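Let me begin by presenting the structure, written as structure tokens, before commenting on it.
All of these numbers come straight from a predicted model, not from anything done at the bench. Proteins get letters first, then strands, A, B, ... in listed order; numbering begins at 1 in each.
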Amino acid sequence: MTERLLSVDGLRVSFRTRDGDNQAVRGVSFHIDAGETVGIVGESGSGKSVTAKAIMSLIQPPGEIIAGSIEFRGERLNDLPEKTWRKLRGNRISMVFQDPMTSLNPVKRIGDQMTEVIRRHRGLKADEALAEAIRLLREVGIADPERRVRQYPHEFSGGMRQRVMIAMALSCSPELLIADEPTTALDVTIQAQILELFKQLKANPDTAVALITHDLGVVAQVCTRVIVMYGGMIMEEGTVEDIFYRAQHPYTLGLLRSVPKRAGGGRERLIAIEGTPPDLLDPPPGCPFMERCPHAMAKCAELPPMFHIGPGHRSLCWLAEDDHPPEKSASGDVRHKEATL
Amino acid sequence: MSNDSKILVDVRNLKKHFVKSKDLLGRPSGVLKAVDGVSFQIRQGETFGLVGESGSGKSTVGRCLLRLYDYTAGEVRFDGQNISSLDEKQLKPFRRKIQSIFQDPYSSLNPGMNVLELIGEPMNIHGLYSGDERKEAVAALLERVGLKREHLYRYPHEFSGGQRQRISIARALSVRPDFVVCDEPISALDVSVQAQVVNMLEDLQAEFGLTYLFIAHDLSMVRHISDRIGVMYKGRLVEVADSDELYDNPLHPYTQALLSAIPVPDPHAVSERIVWTDAIAEGEAHELREVSPGHFVALP
Ligand SMILES: Nc1ncnc2c1ncn2[C@@H]1O[C@H](COP(=O)(O)OP(=O)(O)OP(=O)(O)O)[C@@H](O)[C@H]1O
Ligand SMILES: Nc1ncnc2c1ncn2[C@@H]1O[C@H](COP(=O)(O)OP(=O)(O)OP(=O)(O)O)[C@@H](O)[C@H]1O
Ligand code: SF4
Ligand SMILES: [Mg+2]
Ligand SMILES: [Mg+2]
């Protein structure tokens, strides 16, 4: 039996702003088992990074986790004191951030930043840590790492900085790696090399990878399961085959259609989903996709439940109502768990 | 793109070398040849795509065209004028005509400025509009890039990556440029927003006759948007051709390796990845030669 590494139940995160609460994540529930690579895709601004940061306990004021529970190997993380949490983070769960420039210190040499992390988590001596940093840089495809460790972030290209972040995240052999757009700044040959590293990490059956990406090609090639987000909620979830061959949700279908066709080239217009996502300061009470959905009907003004499409395949859309049963409400599960804790 | 429109950007044997940091013993260890002899032309109204290895010098080429750097050698002509040796005062009109949209929407917007200030700043520098007129112009631009008037007084951290990139685009367009260097303008966006932004860039190009240098890693998107594409490897162009020709008939082994590594959005697709390890040693690089009309490749 596979082991449940992470479960997130009924997560809500809001940011207080002058104009009201920005409800970035509005009730998100999912799980990740050991051995999986779960892709998280979705609209820009749909709450993917905020969800990841919540798991890492990195939501800072004015942001706040309003509700929900996050469990890692059965242990409820929300209740942990910051110190215990900090130890877990970076050691057993590590994250590659979307914005490498803001997460690297601009006035510190790359090597010093790397050895600091390696020493903290692995207790190595300075020269051992430096050797390890050099080895890791070579592993992520950076040529001449002996010289590169003495440079500063601005002397690296965008893709090289991103690889430094990946090397740091891999340095402690985490059980769960959350990678937020880890390969967007890389050319496809180096991307393939990095994805290969993730596969090696996953060769250990106790570990898992959560991959936030908008590159559907990457999702198709490396993920086992996919979560599709929109407007702070999960719209659809299933295996890669479910999502690429049997997608149910109109947003997922729109996303798949937006990819430029490979054959033919030419200058046809891309098929974008017209319109803009809902304002999360004042989100609609019904289906978040309603304003842009070609199938919207009167009923969609009410929020649909998750419908059970097949094993592990679910869709938050009224179109599934006739043929599929609704799932047990996730928030009900949360209340149950809170009561028993 | 018609072949008779004029050449707007003419890059001739451009070189940009950086002094390497010192080696382990503290000796300076020569130079890093980030861009080492690159030549290409972009016609008015055309989109020239630039792809290639991470660290191959694409962004450095872009920054040279923006004259953020002095060049080590070579020259860049913009609309017939050599901008290589102009001083800051002489450059001022070019600083308006040549704009940029950068890779990283997180660090390229000043966090302390609201949207009105961010988009209005270049207008201010170049003396376009003032007061309420400027506010109206900014609001109109915001709507043009798919944002709302309500966003005028918000700050960058309140937006998602996609929204920030729209702000950067509005900012670049605020001073009505002729040429825009787009350095991975869509890398941070989800595919449906990418499609919106690319459609928008194409519409704006048609409307204002803009010329683009489009640097990106998403090869299917580059093929879609570009008229011609150059492939960079280690500071040099190894192949230049019309987009479809490059994808259908790649000649350089690096281009072939690159194209074969594009991940296909189909879980059952089996792709044969061509691995090219035969790195070109320094000093051994070959010159681009025209092998068929408009198709240039650097092979022995
Ligand atoms: N510090 C903050 N203050 C206010 N709002 C924030 C803050 N951080 C994030 N948000 C808001 O939370 C929402 C979700 O943002 P998030 O970064 O999770 O999006 P995302 O899905 O990762 O998008 P992208 O694909 O563009 O990275 C957005 O509306 C964003 O404006
Ligand atoms: N300011 C600088 N000082 C020193 N070296 C630099 C500087 N800027 C760039 N470099 C070096 O020049 C080379 C080319 O960098 P550049 O940023 O142009 O690459 P790129 O092709 O844009 O890569 P990516 O696809 O990763 O963004 C790299 O080796 C980089 O480390
Ligand atoms: S619930 Fe209605 S509006 Fe929402 S995706 Fe389904 S059909 Fe469209
Ligand atoms: Mg994000
Ligand atoms: Mg770059």
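With a 4.5 Å cut-off on side-chain heavy atoms, A/Arg147 and B/Leu32 count as touching. Counting only heavy atoms from C-beta outward, the side chains of B/Pro263 and A/Val188 approach each other to under 4.5 Å. With a 4.5 Å cut-off on side-chain heavy atoms, B/His217 and A/Leu186 do not count as touching.
Only the side chain of A/Leu281 comes within less than 4.5 Å of a heavy atom of chain B; its backbone N, CA, C and O stay farther away. With a 4.5 Å cut-off on non-hydrogen atoms, B/Ile274 does not touch chain A at all. For B/Val193, the part lying under 4.5 angstrom from a heavy atom of chain A is the side chain only. Both the backbone and the side chain of A/Leu216 come within contact range of chain B, with heavy atoms under 4.5 Å apart. In this structure, the portion of B/Lys148 lying under 4.5 Å from any heavy atom of chain A is its side chain and not its backbone. Heavy atoms closer than 4.5 Å to chain A are found nowhere in B/Leu147, neither backbone nor side chain. Residue contact with chain A, scored on non-hydrogen atoms closer than 4.5 Å, involves the backbone of B/Tyr153 exclusively. Looking at A/Tyr152, neither its backbone nor its side chain comes within 4.5 Å of chain B, counting heavy atoms on both sides.
If you check the side chains of B/His268 and A/Glu241, you find a donor sitting under 3.5 Å from an acceptor. At a cut-off of 3.5 Å, with distance as the only test, a side-chain donor of B/Ser54 or A/Arg163 sits close to an acceptor on the other residue.
A salt bridge links A/Asp19 with B/Arg154: the closest approach of a Lys/Arg side-chain nitrogen to an acidic carboxylate oxygen falls below 4.0 angstrom. Here B/Asp203 pairs with A/Arg269 in a salt bridge; the nearest charged N to carboxylate O distance falls below 4.0 Å.
Atom OG of B/Ser192 and atom CD1 of A/Ile271 lie 12.0 Å apart (nearest 0.5 Å). From A/Asp187, atom CG reaches atom CG of B/Asp218 across 12.5 Å, with rounding to the nearest 0.5 Å. Rounding to the nearest 0.5 Å gives a distance of 6.0 Å between CG of B/Leu258 and OG1 of A/Thr189. For the atom pair B/Gln194 CD and A/Asp215 CG, the distance stands at 8.0 Å (nearest 0.5 Å).
Looking at every heavy atom in both residues, A/Asn22 comes nearest to B/Glu158 through ND2-O, 4.5 Å. Listed here is the closest heavy atom pair of B/Met221 and A/Leu270: SD-CD1, 3.7 Å.
Here A/His214 is the residue among A/His214, A/Glu43, A/Gln221 with the most heavy-atom pairs under 4.5 Å with chain B.
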